[in-house]
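Being a predicted model, the structure only gives us computed values, none of them experimental. In the text below, chain A, chain B and the rest are named by the order of the sequence lines, each starting its count at 1.
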Protein chains: 2
Amino acid sequence: MRMPVAELLPVTDVTACCTPIANADAAITPQQAELVARTLKALADPARLRLLSMVAAHDGAEACVCDLTEPLGLSQPTVSHHLKVLVDAGFLTRSKRATWAYYRLVPGSLDAVAALLTSV
Amino acid sequence: MRMPVAELLPVTDVTACCTPIANADAAITPQQAELVARTLKALADPARLRLLSMVAAHDGAEACVCDLTEPLGLSQPTVSHHLKVLVDAGFLTRSKRATWAYYRLVPGSLDAVAALLTSV
DNA sequence: CACAAACATTGACAGACGTCGATGTTTGTC
DNA sequence: GACAAACATCGACGTCTGTCAATGTTTGTG
């Protein structure tokens, strides 16, 4: 009982399109993809994008929750939640003074994401 | 019955942090945020990031579904679903030849997103 | 120390999302 | 025209996510 030649030597069939993953190393790893996706997920929300923009546009490039709640049109807990997501993702920093929590942009964070995208 | 002065003339209390939205025009509009968020959502998934990378790394910068299903480790319907999301978002183009559907990157699409981010 | 203000956290709920199996559609082949 | 291959679509299911009301925590004030 002999094996067909095609199974011993998988020739590249010109009629087929499915080339056996030419250079699999060139693509990003699943771990890299997971990491980048997690960062992008933090940005992929209209409320959070507006928050980033509003913080950047605010005086001194910093703002507290009460500055953001009303113009955003969302409840205070929801705003706090979004801000936490942005802090955890490294886009904002939180500094508490008195009863207020001031948020400000992390300088190169957005540019770093932009650089990540061009490398994909 | 008189109104308190504070309600007639809301003075800017220096002890308070909540400045009345200094320059609301400087921030992005809700419509812009919605649009950018929709684009980022298409990217914010590890499987889709890997698909983009695999298409870019493939010979001729184009690949069909059967090229991508096995190395991605997901079922064919799921891969088709992700590819559709990427096409709808403008990151990939689909061209059908014979029974195969070839996907290729839209040249400047990723850079456009990167530019969007720096403008937020 | 009691009270109020700013903010975070919790619990709950509706809707969106990723995934798969099953099925439909198109194209080439015998 | 029957059949197979490549791919898309559909239906269903579990999980994640955005949102809010209620509550907890911390800080300043009288």
Quiz item: Along nucleotides 15-21 of chain D, 5' to 3', which nucleotides get a B, which get an S, and which get a -, given that the test is a protein heavy-atom distance under 4.0 Å?
Solution: ---SBBB
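Every side chain to side chain donor-acceptor pair (under 3.5 Å) that A:Thr78 has, sequence neighbours left out, goes to A:Ser75. Qualifying salt bridge (Lys or Arg N to Asp or Glu O under 4.0 Å) partners for A:Asp88, counting only residues two or more places apart in sequence or in other chains: A:Lys84. By the side chain to side chain donor-acceptor pair (under 3.5 Å) test, A:Glu34 is found to be paired with no residue, residues two or more places apart in sequence or in another chain being considered.
Summarising the geometry, the separation between CD on B:Glu62 and C1' on D:dA6 is reported as 15 Å, rounded to the nearest angstrom. The distance from atom CD of A:Glu70 to atom P of C:dA6 is 13 Å, rounded to the nearest whole Å. For the pair B:Leu83 CG and C:dT19 C1', the interatomic distance rounds to 15 Å; values are reported in whole Å. C:dC7 atom C1' lies 13 Å from atom CG of A:Asp67, rounded to whole Å. Rounding to whole angstrom units, OH of residue A:Tyr102 and P of C:dA6 are separated by 11 Å. The interatomic distance linking A:Arg97 (CZ) with C:dA5 (C1') rounds to 17 Å, in whole Å.
Between B:Thr118 and A:Leu110 there is no side-chain heavy-atom pair separated by less than 4.5 Å. Counting only heavy atoms from C-beta outward, the side chains of B:Val65 and B:Tyr103 approach each other to under 4.5 Å.
At a threshold of 4.0 angstrom between heavy atoms, the contacts of B:Lys84 are confined to the sugar-phosphate backbone, with no base atom among them.
Distances shown here put every side-chain N or O of A:Arg94 at or beyond 4.0 Å from the OP1 or OP2 atom of C:dC7. In terms of phosphate contacts, A:Tyr103 brings no side-chain nitrogen or oxygen within less than 4.0 Å of OP1 or OP2 of C:dA6.
Screening residues 71-80 of chain B for salt bridge (Lys or Arg N to Asp or Glu O under 4.0 Å) gives no qualifying pairs among residues at least two apart or on separate chains.
In the set D:dA8, C:dA8, C:dG28, D:dA8 carries the atom at the smallest distance from any side-chain atom of B:Ser80. Comparing C:dA5, C:dC7, D:dA6 by their nearest atom to the side chain of A:Ala101 picks out C:dC7.
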Just list the side-chain donor-acceptor pairs under 3.5 Å for residues 89-98 of chain B, sequence neighbours left out, or say none.
unit_1: B:Thr93; atom_1: OG1; unit_2: B:Arg104; atom_2: O; d: 3.4
unit_1: B:Arg97; atom_1: NH2; unit_2: B:Glu62; atom_2: OE2; d: 2.9

